[in-house]
Protein chains: 2
Amino acid sequence: MEALLPKFDSVFSIDCVIFGFDKGELKVLLIERNEEPFKDCLALPGYLVEQNESIDFAANRILYELTGLKDIFMEQFYTFGEVNRHPQGRVITVAYYAILRLNATKELKPVTNYAKKAFWHPVANLPELAFDHSQIFAKALQKIKRKITYQPIAFELLPEKFTLSQLQMLYELILNKKLDKRNFRKKMLNFGILKELDEKQKGVSYRAAKLYKFDRRKYGKLFQKELTF
Amino acid sequence: MEALLPKFDSVFSIDCVIFGFDKGELKVLLIERNEEPFKDCLALPGYLVEQNESIDFAANRILYELTGLKDIFMEQFYTFGEVNRHPQGRVITVAYYAILRLNATKELKPVTNYAKKAFWHPVANLPELAFDHSQIFAKALQKIKRKITYQPIAFELLPEKFTLSQLQMLYELILNKKLDKRNFRKKMLNFGILKELDEKQKGVSYRAAKLYKFDRRKYGKLFQKELTF
DNA sequence: ATACTTAGTGTACTTTGTACAATATTAAAG
DNA sequence: CTTTAATATTGTACAAAGTACACTAAGTAT
């Protein structure tokens with residue numbers, strides 16, 4: 001049976017675009033490659049899919065091996081299939097993305113030696129990346145810009161407890177536009193997925209803001225309201 | 001150089017979900033397979049990607065070879081990468097979709113003998129399909145339901161000149177819910193992408209409705225307004 | 001002329017979006 | 001203790017969009 005499928009020198013890979021948010025900056029997870037081609041260059045975490053693993057499984061394995069991050073929920077967003085993406089042959093890559101809160105993150109440490117190191121880099125001044133990874137990144141950014149307006153993915157980027165100003169700052173960063181404070185609060189609170197806590201921000205040298213958290217229970221009850229800005 | 005990439009017995013394929021609309025029914029393009037596995041079964045048009053063609057190119061070639069349809073704009077929407085999708089080995093498939101007007105369509109005629117025939121089948125009572133094609137179809141349907149509300153893709157399904165009632169019927173079919181006639185008209189006309197023609201419907205045994213067409217020029221000027229229902 | 005079928009239309013109400021600026025609270029500095 | 005500086009918090013009026021709802025108009029067939 002198996003013999004009926006033709007064999008090609010074709011390979012699948014996975015590339016991961018992982019967004020994080022820290023100190024007022026939107027960041028993306030990069031690695032420094034330790035293999036040819038593009039040895040020593042910066043790239044998105046990515047590697048080849050094994051023959052006996054699903055692509056979702058492979059995405060998790062590869063992210064772990066290259067960065068040490070585990071149990072991250074990633075979503076597939078586009079498949080890049082140009083013939084000459086990879087200088088050594090035909091490689092089709094399925095790109096995944098995720099967003100996560102940085103401070104909940106353990107240390108970054110590649111588990112294989114395909115990568116020299118893994119680190120967060122600000123999205124704002126991203127250097128040129130290996131292969132077509134700059135394009136892949138651009139497509140991911142475009143995707144989350146749209147997604148953030150109808151699904152509460154932004155909460156994944158914040159610490160568990162956050163202030164409304166932090167949340168607004170994050171939206172402004174991702175959407176790359178200024179939002180009105182009063183309207184933003186009205187809309188967010190109305191959306192009904194925030195839980196107000198009896199706690200305040202600490203360690204700031206000005207009026208402390210109330211803390212909120214994302215209420216996953218409430219979110220479950222909505223199906224898919226949209227946020228529009 | 002080429003030798004550095006490992007070789008796997010892994011294969012890419014493309015599957016196409018092509019929607020059409022005819023006689024008040026939403027349809028999808030199927031083939032009857034002429035090859036093992038699933039010989040004689042119904043399936044989405046799909047085949048293997050060649051090593052030296054991009055996946056977008058392959059999608060068009062494959063659709064043509066299996067159905068005779070040419071120059072259809074298809075969009076990639078999901079990549080299916082479970083290990084056992086294909087009984088003969090590892091096949092990862094990139095799924096594409098498109099929607100088109102049926103009456104502008106030439107005859108369906110497979111150009112290779114991988115398919116015995118190609119034909120339109122109503123979406124309403126779709127039979128079981130080969131491989132995981134039923135799942136692929138379901139995902140495509142979900143996708144266009146969402147897309148139709150923010151991009152005027154529905155027009156691709158209608159003849160060039162159409163009445164508002166036909167347009168409404170199509171929306172109701174895809175969204176699978178009843179819409180208010182007055183509100184639907186208000187919203188559509190307001191959206192500013194229809195051109196009213198000096199012509200009426202012909203051959204109906206009741207009051208003839210005005211004909212409209214989709215005004216691509218006007219659409220270009222909007223960037224991305226959303227239609228919500 | 002009548003009956004039948006679909007086309008075509010308007011209004012009141014509700015909800016949502018948007019523009020806009022003053023007061024309140026806290027910590028730090030003096 | 002007073003002042004300053006920084007950010008938090010709040011409301012209102014207006015505009016735009018969504019929604020519910022039912023009758024008349026026009027053309028065809030008999």
Side-chain angles (χ1 to χ4, degrees), chain A residues 23-24 146 148-152 158-159 161-173 175-213 222-229, chain B residues 23-24 146 148-152 158-159 161-173 175-213 222-229:
Chain A
K23 304 196 190 76
R146 187 159 164 73
I148 200 179
T149 66
Y150 63 89
Q151 278 185 14
L158 292 170
K161 301 172 182 181
F162 51 84
T163 69
L164 288 179
S165 294
Q166 289 171 332
L167 183 60
Q168 181 174 350
M169 192 166 90
L170 177 56
Y171 268 83
E172 291 181 339
L173 256 176
L175 296 175
N176 197 25
K177 76 179 180 191
K178 198 105 189 83
L179 303 174
D180 180 89
K181 204 198 310 197
R182 280 161 297 190
N183 294 340
F184 180 81
R185 280 162 185 251
K186 200 190 332 179
K187 184 169 263 183
M188 270 301 159
L189 293 173
N190 252 329
F191 204 61
I193 53 174
L194 293 183
K195 180 167 186 175
E196 188 178 331
L197 302 175
D198 255 348
E199 232 178 309
K200 297 207 161 184
Q201 214 177 8
K202 275 176 193 159
V204 291
S205 64
Y206 44 78
R207 177 176 177 182
K210 250 184 251 166
L211 291 171
Y212 291 81
K213 65 181 199 184
L222 315 167
F223 359 152
Q224 204 165 318
K225 251 171 143 178
E226 295 222 0
L227 280 168
T228 52
F229 290 100
Chain B
K23 303 197 189 78
R146 186 161 164 72
I148 200 180
T149 66
Y150 64 89
Q151 278 185 14
L158 292 170
K161 301 171 182 181
F162 51 84
T163 70
L164 288 179
S165 294
Q166 288 171 334
L167 183 60
Q168 181 175 349
M169 191 166 89
L170 177 56
Y171 268 81
E172 291 180 340
L173 255 175
L175 296 175
N176 196 26
K177 76 180 181 190
K178 199 105 189 83
L179 303 174
D180 180 88
K181 200 193 327 188
R182 281 162 295 189
N183 294 340
F184 180 81
R185 280 161 186 253
K186 200 190 332 178
K187 184 169 265 184
M188 270 301 159
L189 294 173
N190 251 329
F191 204 60
I193 54 174
L194 293 184
K195 180 166 186 177
E196 188 178 330
L197 301 176
D198 256 347
E199 230 177 310
K200 298 207 161 184
Q201 214 176 8
K202 275 176 192 160
V204 291
S205 64
Y206 44 78
R207 177 176 178 181
K210 248 183 254 167
L211 291 172
Y212 290 81
K213 65 181 199 182
L222 315 166
F223 359 150
Q224 203 166 316
K225 249 169 144 181
E226 295 222 0
L227 280 168
T228 52
F229 289 101

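Below, read A as the first sequence line, B as the second, and so on, with proteins coming before strands; counting in each chain starts at 1.
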Distance in angstrom units between A:Lys200 NZ and C:dA27 P, rounded: 9 Å

Distance in angstrom units between A:Asn190 CG and C:dT18 P, rounded: 14 Å

Can you check whether B:Lys187 has a side-chain N or O nearer than 4.0 Å to OP1 or OP2 of D:dG18? yes

From the list B:Lys181, B:Lys177, B:Arg182, side-chain contact (heavy atoms from CB on, under 4.5 Å) with B:Leu179 holds only for B:Lys177

Given that A:Ser205 and A:Lys181 both sit by DNA chain D, which one's nearest nucleotide is further toward the 5' end? A:Ser205

Nearest whole angstrom, please: distance from the C1' of C:dA24 to the NZ of A:Lys210. 12 Å

Using whole Å, report how far OH of A:Tyr206 lies from P of C:dT26. 14 Å

Over how many whole Å does the gap from B:Leu211 atom CG to C:dA7 atom C1' extend? 12 Å

For the residue pair B:Met188 and B:Tyr171, establish whether any side-chain heavy-atom pair is separated by less than 4.5 Å. yes

Side chain proximity check, B:Lys213 to B:Pro159, heavy atoms < 4.5 angstrom: no

Across the strands shown, which category fits A:Ser165 at heavy-atom distances under 4.0 angstrom: base, sugar-phosphate, nothing? sugar-phosphate

Check the distance between C:dA19's P and A:Phe184's CZ and give it to me in whole angstrom. 16 Å

Using atom CG of B:Asn183 as one end and atom C1' of D:dC21 as the other, report the distance to the nearest whole Å. 9 Å

Rounded to whole Å, CG of A:Leu189 lies from P of D:dA8 at a distance of 14 Å

Less than 4.5 Å apart, any side-chain heavy atom of A:Phe162 and any of A:Leu194? yes

Is the base of C:dT18 touched by the side chain of A:Lys186 through a donor-acceptor pair closer than 3.5 angstrom? yes

OP1 or OP2 of D:dT9 versus the side-chain N and O atoms of A:Arg207: is any pair under 4.0 Å? no

